[in-house]
There are 2 protein chains.
Amino acid sequence: MQSFELLSRKFALHFDKAQFPAEPASLYQPNEYFLQLGGKRVRPVLSLMGNELFDEIREDAWDLAAAVELFHNFTLIHDDIMDQAPLRRGMETVHVKYGENTALLAGDVMLVKAYEHLSKIDGAFLRSILQLFNQTAREVCEGQQWDMDFEKMPRVSFGDYLRMIELKTSVLLAASLKMGSILGGAGERNQNLLYEFGRKLGIAFQVQDDYLDAFGDPHKFGKQIGGDILSNKKTFLVIHALETAGTARREELDRLLSGDEERKVEKVLAIFRECGVDEWALEVKNKYLDEALDHLEDIAVLSKRKKPLADLAQFLVQREH
Amino acid sequence: MQSFELLSRKFALHFDKAQFPAEPASLYQPNEYFLQLGGKRVRPVLSLMGNELFDEIREDAWDLAAAVELFHNFTLIHDDIMDQAPLRRGMETVHVKYGENTALLAGDVMLVKAYEHLSKIDGAFLRSILQLFNQTAREVCEGQQWDMDFEKMPRVSFGDYLRMIELKTSVLLAASLKMGSILGGAGERNQNLLYEFGRKLGIAFQVQDDYLDAFGDPHKFGKQIGGDILSNKKTFLVIHALETAGTARREELDRLLSGDEERKVEKVLAIFRECGVDEWALEVKNKYLDEALDHLEDIAVLSKRKKPLADLAQFLVQREH
């Protein structure tokens with residue numbers, strides 16, 4: 001069983017080369033540009049780890065991993081257009097650098113390229129992996145649509161927000177693991193436990209993301225604290241604060257988040273603290289992490305095989321940046 | 001062997017129902033809206049005819065046909081965004097009716113839905129069909145990119161333009177037929193002959209499209225004559241006129257096509273006629289149609305089985321609207 005770091009380096013050896021033909025350069029150069037911006041490559045490594053949990057890593061697992069990473073990058077390119085995001089990983093987004101039409105088409109062809117990798121999977125597993133991939137892809141699109149819909153709504157319930165995060169973030173982590181386990185020959189029960197591990201890990205991961213943006217250590221976080229607050233983004237923290245605050249604080253929070261006044265971040269953070277949002281977020285995160293680890297525990301393979309996944313879960317959820 | 005009209009009606013019985021879940025309605029209603037705008041459904045019926053040329057129509061051929069039609073609609077939704085087209089089949093385009101972000105995401109999920117249908121294809125044929133579908137999807141994206149690139153270039157050669165049309169239009173007609181023939185158990189030689197039939201038919205089809213826009217009978221055409229000229233679109237006619245006209249006429253054509261003057265259509269058509277573009281277009285169209293029919297002729301099945309395809313080819317290329 002190999003660690004996340006080791007598998008991540010091995011994945012880079014397979015993946016960090018030209019994925020697209022040279023021509024038309026006006027289409028494929030934007031794709032290569034975006035891929036070389038890098039990223040943590042969490043999802044493809046989850047596929048490799050899902051495979052290795054049950055068997056040695058198969059040759060076609062590298063194609064599965066590439067498909068998952070290309071799919072993720074497709075969603076980022078298109079999400080950046082929809083969010084009108086200027087930067088991704090500190091660099092210009094595709095639509096800013098090359099124009100919206102090219103970014104739209106580059107995203108499309110990135111998705112098709114993901115399916116090209118999928119089509120190389122062994123025939124014994126091709127259909128079941130293709131079907132899970134399709135279902136997941138559709139769910140991720142649904143999550144993005146709910147996210148855009150929620151931005152326009154004055155109130156979103158915790159339950160609805162949670163479901164949106166599951167669709168937008170968790171299901172791809174879960175499916176990456178499960179597709180790997182299918183290649184590893186896992187039985188259905190083990191496949192599903194691994195999926196649930198990934199699904200709950202994804203929620204804990206997103207809570208940590210939201211938490212760090214508000215309560216992270218500025219020296220370790222690497223980005224400006226309060227970015228989500230400044231952009232009036234709905235997060236786990238905002239949703240919970242609005243659900244639990246008294247009338248006066250809720251109205252104050254509504255007012256702050258619909259405006260752009262001085263010391264806005266500071267004032268919102270004060271309300272968060274008064275509502276105990278910081279402690280609540282840590283509790284929620286740990287609850288989902290614990291449940292995720294319980295599912296991992298239940299999987300019927302030797303404990304030592306699970307260690308890299310348990311370590312990765314701790315890292316993703318306890319990280320400070 | 002069933003006619004295009006009959007298969008078209010049968011395809012509608014399979015396809016004309018809700019393709020998407022109810023929720024999120026903000027995502028899926030735009031998809032259903034676009035699908036019910038209709039269309040000739042040429043591509044899915046080509047898949048059915050490709051199947052029936054070699055065997056009875058299989059159950060999964062209807063899924064292949066649906067996948068092909070959904071893919072085609074995905075390209076239309078995204079192309080309409082890129083072209084900023086206000087209307088499609090006389091109705092509002094998705095991005096005009098629902099906004100660009102929703103149109104982008106609706107297109108994405110339409111493509112994923114196409115792959116959901118593909119995933120139901122019999123395991124004996126799944127990989128080869130998936131691979132041809134992927135290759136074709138990527139080529140169609142390349143064609144769209146070349147098309148956008150060409151719009152910005154002062155001169156495009158006939159050869160480059162032809163290749164663009166092949167990618168943007170022909171390969172999907174060709175692949176629809178070939179994927180159907182794979183399901184029908186056709187041998188490789190017959191598959192490839194059918195592909196070539198479709199590829200050349202696609203070119204003839206596009207030439208006829210360009211021809212009708214300029215020289216169609218206004219009473220039969222159903223749209224305003226000269227729409228391509230008014231939007232300064234590069235077409236087979238423009239490319240050929242620019243390649244064959246003398247210096248004076250070429251400069252006049254350049255001037256007309258870069259401006260917006262009165263009686264522009266009339267003046268451009270006069271130059272087209274002086275250059276003999278109308279007769280040339282009919283010759284080119286008939287050349288490709290004849291080559292297409294030769295490939296069909298070469299396919300090793302009884303001639304009477306081929307009749308519906310030959311009839312359809314004649315109809316598509318001789319149509320007056």
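Per chain, numbering begins at 1; letters A, B, ... match sequence-line order.
For the set B:Leu105, B:Thr102, B:Leu126, the count of heavy-atom pairs under 4.5 angstrom toward chain A peaks at B:Leu105. Contact count against chain B (heavy-atom pairs under 4.5 Å) is highest for A:Pro24 among A:Pro24, A:Cys141, A:Ala137. Interface check for chain A: of the options B:Ser26, B:Ala106, B:Gly99, the most heavy-atom pairs under 4.5 Å are formed by B:Ser26. Note: A:Arg127 leads A:Lys113, A:Arg127, A:Gln131 in heavy-atom pairs under 4.5 Å with chain B. By number of non-hydrogen pairs under 4.5 angstrom with chain B, the leading residue of A:Glu116, A:Gln135, A:Glu23 is A:Glu116. Between chain A and the options B:Asp83, B:Ile121, B:Asp79, the largest number of non-hydrogen pairs under 4.5 Å is found for B:Ile121.
Below 30°, between 30° and 60°, or above 60°: for A:Tyr115 and B:Tyr115 the angle between ring planes is below 30°, a parallel geometry.
No salt bridge links B:Lys234 with B:Asp228; every basic N to acidic carboxylate O contact stays at or beyond 4.0 Å. Looking at A:Asp60 and A:Lys120, no side-chain N of the basic residue comes within less than 4.0 Å of a carboxylate O on the acidic one, giving no salt bridge.
Contacts of B:Met82 with chain A are made by both backbone and side-chain atoms, with heavy-atom separations under 4.5 Å. Heavy atoms of B:Leu111 lying under 4.5 Å from chain A belong exclusively to its side chain. B:Phe74 touches chain A through its side chain: at least one heavy atom from C-beta onward sits under 4.5 Å away, while N, CA, C and O do not.
For the 3.5 Å distance criterion, the side chains of B:Gln145 and B:Asp149 qualify, holding a donor opposite an acceptor.
Looking at heavy atoms from C-beta onward, B:Leu87 lies out of side-chain contact with B:Asp80 at the 4.5 angstrom threshold. You'll find the side chain of B:Thr75 stays beyond 4.5 Å of the side chain of B:Gln144, heavy atoms only.
Between A:Phe236 and A:Tyr161, the distance from one ring center to the other falls under 6.0 angstrom.
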